[in-house]
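A quick write-up on the structure given underneath.
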Amino acid sequence: MSRSRLVVIKNHNIYDSDGGLKRDQTNKLISHAMVRLTGSTDSKSAWKKIAAQGDRFGIKPNCLSGRMLSSSPVMADAIVAGLQSAGLRESDIIIWERTNRELERAGYNLNYARNSGLRCFGTDSRGVGYSDSFYQKGKVASLISKIFEQEIDKNINFPILKDHSVAGVSGGLKNLYGLVHNPNKYHPDNCNPYVAELSALPIVREKNVLTILDMTRMQYNGGPGYMPRYLVKPGTVVMSFDPIAIDAYGYKIIEDYRRKNGLPSLKEDKREPLWLETGKRLGLGESDLSQVEIIEEDIT
Amino acid sequence: MACGAGCACLPFNPVENGLALFQNAYALETTDTLSHVKAMYYKKLEGTAIECELCPRHCLVTDLERGYCGVRENQGGEYYTLVHSRACAMNIDPIEKKPLFHFHPGTAAFSIATAGCNVNCKFCQNWDISQVRPEQVTNVELPPDEIVRICQARSVPTVAYTYSEPIVFYEYMHDTCVEGRKFGIKNVMITGGYIEKEPLKKIIPLMDAIKVDLKSYSQQYYEDVVNGELQPVLDALKIIHDDGMWLELVYLVVPTMNDSTKELTDLCRWVKTNLSDHVPIHFTRFHPTYLMTNLPPTPVKTLEKAYDIARQSGLKFPYIGNVPGHSAEHTYCPGCGELLIERLGFRINKINLKDGMCGKCGTHIPGVWS
Ligand code: SF4
């Protein structure tokens, strides 16, 4: 198996005067990251490596913590534009979450219509809901969102990076708690092994083709709720096909910020994300960053 | 799950089964909003995290997240119950359906539940309310005074907290007990008994009877099948019994899982030694469901084995449940063997008790009879 690749692309010009994201700069960031991740010559061929006309794509942001600490809608639009460049119709793409309320509070515009533009809705929408049968890997069995099960062929996991007082790190794997009807059953023992087992479900492994970690805002302590004093804006996006490598990288970044700010490490805080090792054992990816090809660039 | 797991006590669920009936009669409203009532029994940790101290799980819950039961949420460092006055299942049941056999036989109990549970039994009959979050079921707004009003209107003497796990809707149960008491309404809790000592001691005086599902006498089974622990349940049983509260046990006999002669013998000895020989124990029949569909229903012979072991161990009131028409559904006098209460399923055919004593030989029959 080839080495996992992780791209870390920075663009400090990305913020507008209100602290939001500039569309053109965000598009540039996403395109560049995709090109570097896939080793393509241009953005369109990069997106074509994962998407083709007729594919039905999902994008799963993390909208738990409201507008100030959720995956950016502007960046989601840049991802949608990338998928469209590969030949997808806008209406074949769904931005989805657990609930409509979470999406709205994070700044997403709901659209349930099947054939009219980008779709965006929660699993709690009328007529959606959870699967009829259970999915299980390990101890916990769950019903999964019918959006993921039935409405899409592939998914882009689109988390934000946060400290998490139980799991240690909330990145890509933790974001998939939004897939199941009973995320509360996945929290004991600092989420280990549960967070890894969820991503090891065959349907998740099959459909979840890419993780895009929005690091234009991240929080290194006090998460998952929004705590402005621990929020930083690294102007970065991280992408990988390896869901463990990307969370291992997120872990490293959180620890770096904690150290710089005189906070105890997650290990000292008894919430080291041991589920990264579990994920590696389950064959999901590489948790040892020395074994990962990391491409870092600043395109500011 | 505290439904007498495996029994036929499926609730009247307003989702499918005629919300209109209760709505029309009592003007109940369905509601999409969850409650925002401060939870009891939690402590604040550093930052905005909290530790729930209601059940032995002691969930560590961060801001915006919920505990294992899915019905208690941390909002900015305070803990809230989301299901106070949010009933998702209700029915007027015979008390025998709980099952409580030595508690006002032949009377009815207004039975209510909310979503959520603090364990996850693989055989749960009511998983569609116990293993989901409250926004995933239809809830009616049913505050404690409304429950009392319904009991009075229907001349129902008892409220039963049942179907899912009442421990997780503790505040709602507590407030309803207090309200009901003012009007002479009795309260019974139908529980898995997985609760911390302090909240248990506080709720016992508000109860008139408690039925506990003792799922097994093996920690391994609790880990593998229940996702809980045995010892806290045994501790809870002792507290309930030592307090003088009327207690009955259900033991769901699951083929090959908890039906060995040794486990049943150890269980019965424990009950006799640590509780008493007059605590009724109902050996109920398992039916395949939820995550345990690979096993057959419990053979009646296995239930009869459990019944015989209980008798040989000196327990005076063993029963067989979920086998309507079986002779071990009846209550017999431990003194003279006289048939005292004849049952058919949840129906009472005959009672031969006088002031809580055997109608033939006068032996005192423990229970809450009048
Ligand atoms: S009651 Fe619920 S939140 Fe509290 S410890 Fe038990 S499972 Fe956790």
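- Here CG of Leu60(B) is found 12.0 Å from NZ of Lys270(A). Values are rounded to the nearest 0.5 Å.
- In this structure, CD in Glu46(B) is found 8.0 Å from CG in Asn221(A), a value given to the nearest 0.5 Å.
- Asp32(B) contributes atom CG, which lies 12.0 Å from atom CZ of Arg101(A) (distance to the nearest 0.5 angstrom).
- When each of Gly76(B), Gly70(B), Gly47(B) is checked for heavy-atom pairs under 4.5 Å with chain A, Gly70(B) comes out on top.
- When every heavy atom of Gln131(B) is checked against every heavy atom of Asn182(A), the shortest pair comes out as O-CB, 4.2 Å.
- Heavy atoms of Leu291(B) lying under 4.5 Å from chain A belong exclusively to its side chain.
- Within 6.0 Å of NZ in Lys197(B) there are 12 or fewer heavy atoms belonging to other residues, nucleotides or ligands.
- Counting all heavy atoms, side chain and backbone alike, Leu143(A) lies closest to Trp127(B) at CD1-CZ3, 4.0 Å.
- The number of heavy-atom neighbours closer than 6.0 Å to CD of Gln150(A), taken from other residues, nucleotides and ligands shown, is above 12.
- Leu64(A) places a side-chain heavy atom less than 4.5 Å from the side chain of Glu65(B).
- Using a 4.5 Å heavy-atom threshold, the side chains of Met227(A) and Asp63(B) count as separate.
- Both the backbone and the side chain of Ser65(A) come within contact range of chain B, with heavy atoms under 4.5 Å apart.
- Heavy-atom contacts from other residues, nucleotides or ligands closer than 6.0 Å to CG of Asp256(A) number more than 12.
- Here the closest non-hydrogen pair linking Cys117(B) and Lys185(A) is O-NZ, 3.1 Å.
- The heavy-atom pair separating Pro224(A) from Thr62(B) by the smallest distance is CD-OG1, 3.1 Å.
- Of all residues spanning residues 156-171 of chain A, those with a heavy atom less than 4.5 Å away from chain B's heavy atoms are His164(A), Ser165(A), Val166(A), arranged by number.
- Residues of residues 218-228 of chain B that come within less than 4.5 angstrom of chain A, heavy atom to heavy atom, are Glu223(B), Asn227(B) in numerical order.
- Of the atoms belonging to Tyr177(A), not a single heavy atom falls under 4.5 Å from chain B.
- Using a 4.5 Å heavy-atom threshold, the side chains of Arg98(A) and Arg133(B) count as touching.
- At a 4.5 Å heavy-atom cutoff, the contact between His187(A) and chain B is made by side-chain atoms alone.
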